[in-house]
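To start, the structure itself, in structure tokens.
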Amino acid sequence: MLLKYYSVVILCFSVVNGEPGEPKCFSRFDYDEKMLMKQLRFEDKVQKFEDFINRLKAREENEKEERSKLFAAELEKYKQENSEEVERQKIVTSEMLENVENSKMELENVHKQINEKMKGKVVAFTVMSPKAGATSDSMSFSMVITNEGNAFDTLTGKFTCPVSGLYYFSLHIIKKRSPSVSFAGCGIYLNGSNTLAAYTNPQDGSNGADNGSYGASTSVYLKLKVGDVVTLDSCNKGISDRVEEYTSFSGHLEQEVY
């Protein structure tokens with residue numbers, strides 16, 4: 001059996017106020033002990049730091065979870081409120097569409113009733129003699145030859161369609177026999193839009209060409225629905241002073257449309 005022997009070197013010092021005193025002994029184990037204690041203290045600080053970091057992480061995770069729950073709750077609340085608003089808007093829109101559809105049906109029924117009342121009836125008019133003193137661009141007449149159905153308003157010069165169908169209109173303009181009137185013209189309008197026009201402008205000359213009577217005519221078929229308005233417009237201002245009294249305007253229903 002082998003015995004191992006270790007030798008320990010012990011250094012002893014004795015110094016008191018710079019003078020030799022009671023000796024103090026130091027060994028290699030003293031140094032190791034101090035290093036061990038230092039390491040333990042460092043590890044303890046590291047552990048405390050790690051614990052602090054872990055606590056921060058845990059608190060952050062908790063706050064993150066709380067924020068996530070709060071956001072989810074707010075989102076769900078918004079979805080619920082928005083869903084209720086969407087449903088309310090759907091109901092309002094549905095009611096509006098239903099009202100529009102009902103109004104449309106009522107209007108169609110009114111038109112149908114009017115057409116039924118006018119079915120088989122004659123709609124026709126002929127008027128002549130433009131009103132004297134007219135200064136606008138429209139034309140009205142003072143003499144009514146025919147006004148079956150009473151669709152032509154002699155005060156305004158407007159024909160208002162009483163029943164849907166195909167209508168025929170004709171306009172005959174006779175320029176006044178006068179050297180002071182060089183031209184005359186007028187157009188047939190549907191709901192404010194021009195369709196056709198009649199216009200005459202004789203050539204001026206030394207022989208007094210404007211002294212003669214010159215005429216212009218136009219006619220048109222128009223498909224009208226109840227309430228459409230046909231007028232004479234874009235006429236020369238003071239048209240009644242430019243045309244003869246036998247200038248005429250006529251219209252009649254050719255065929256009803258249902």
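Bear in mind that the values here come from a model prediction, so they are computed numbers and not experimental data.
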Could you state whether Val230 and Leu171 fall into the same hydrophobic cluster, counting links through intermediate Ile, Leu, Val, Met, Phe, Trp or Tyr residues with side-chain heavy atoms under 4.5 angstrom apart? yes
So, Lys48 and Asp51, do they make that salt bridge, N to O below 4.0 Å? no
With side chains defined as the heavy atoms from C-beta onward, is the minimum distance between Val243 and Lys176 less than 4.5 Å? no
Angle class for the Phe159/Phe169 ring planes (parallel below 30°, perpendicular above 60°, tilted otherwise)? perpendicular
So, are Glu65 and Lys69 salt-bridged, with charged N and O less than 4.0 Å apart? yes
If you draw a 6.0 Å radius around CD in Gln255, do more than 12 non-hydrogen atoms from other residues or ligands fall strictly inside? no
Does Lys104 have any salt bridge (Lys or Arg N to Asp or Glu O under 4.0 Å) partners at least two apart in sequence or in another chain, and if so, which? none
Check whether any side-chain heavy atom of Thr195 sits under 4.5 Å from a side-chain heavy atom of Leu222, and report yes or no. yes
All heavy atoms of Thr146 vs all of Ala124, minimum pair found to be CG2-O, 3.8 Å
Rounded to the nearest 0.5 Å, what separates atom CD in Glu101 from atom CG in Asn99? 10.5 Å
Would you give the length of the straight line joining atom CG of Asn102 to atom CG of Leu107, rounded to the nearest 0.5 angstrom? 12.5 Å
Can Ile188 and Leu232 be said to form a side chain to side chain contact (heavy atoms under 4.5 Å, CB included), step by step? CA-CA 5 Å; Ile188 300 176; Leu232 297 180; 3.9 Å; yes
Pairing of Glu50 and Arg55 as salt bridge, 4.0 angstrom limit: no
Going by chain and number, the hydrophobic cluster around Met96 (ILVMFWY, side chain to side chain under 4.5 Å) further includes Val92
Give, for atom OG1 of Thr93 and atom CZ of Arg88, the distance between the pair rounded to the nearest 0.5 Å. 9.5 Å
Determine, step by step, whether Leu190 and Leu224 satisfy the side chain to side chain contact (heavy atoms under 4.5 Å, CB included) criterion, reporting the C-alpha distance in whole Å, the side-chain angles of both residues, the deciding distance to 0.1 Å, and the verdict. CA-CA 9 Å; Leu190 170 58; Leu224 306 181; 3.5 Å; yes
How far does OG of Ser142 sit from NZ of Lys131, to the nearest 0.5 angstrom? 7.5 Å
For the backbone of Val229 and the side chain of Asn191, can you confirm whether one donor and one acceptor N or O come within less than 3.5 Å of each other? yes
Taking every heavy atom of Glu245 against every heavy atom of Met128, the minimum-distance pair comes out as O-CE, 3.4 Å
Over 60° means perpendicular and under 30° means parallel, so classify the ring planes of Phe249 and Phe152, tilted if in between. perpendicular
Rounded to the nearest 0.5 Å, what separates atom CG in Leu196 from atom OG in Ser217? 12.0 Å
Do the side chains of Val122 and Leu253 get nearer than 4.5 Å, heavy atoms only? no
Strictly by modelled atom types, are Tyr246 and Ser129 linked by a side-chain donor-acceptor pair under 3.5 Å? no
As an exercise, state the distance from NE2 of His172 to OG1 of Thr126, rounded to the nearest 0.5 Å. 8.5 Å
If you take all heavy atoms of Cys235 and Met139, which pair is closest and at what distance? SG-CB, 4.0 Å
Can you tell me which residue among Tyr167, Tyr221, Tyr168 is in a ring pair (Phe, Tyr, Trp, His ring centres under 6.0 Å) with His252? Tyr168
Measure the shortest side-chain to side-chain distance between Val127 and Ile145 over non-hydrogen atoms and say whether it is less than 4.5 angstrom. no
Report yes if some heavy atom in the side chain of Cys186 is under 4.5 Å from a heavy atom in the side chain of Ile173; otherwise report no. yes
Does the side chain of Ser234 come under 3.5 Å of the side chain of Tyr189 through a donor N or O and an acceptor N or O? yes
Has Arg59 got more than 12 heavy atoms of other residues, nucleotides or ligands less than 6.0 Å from its CZ? no
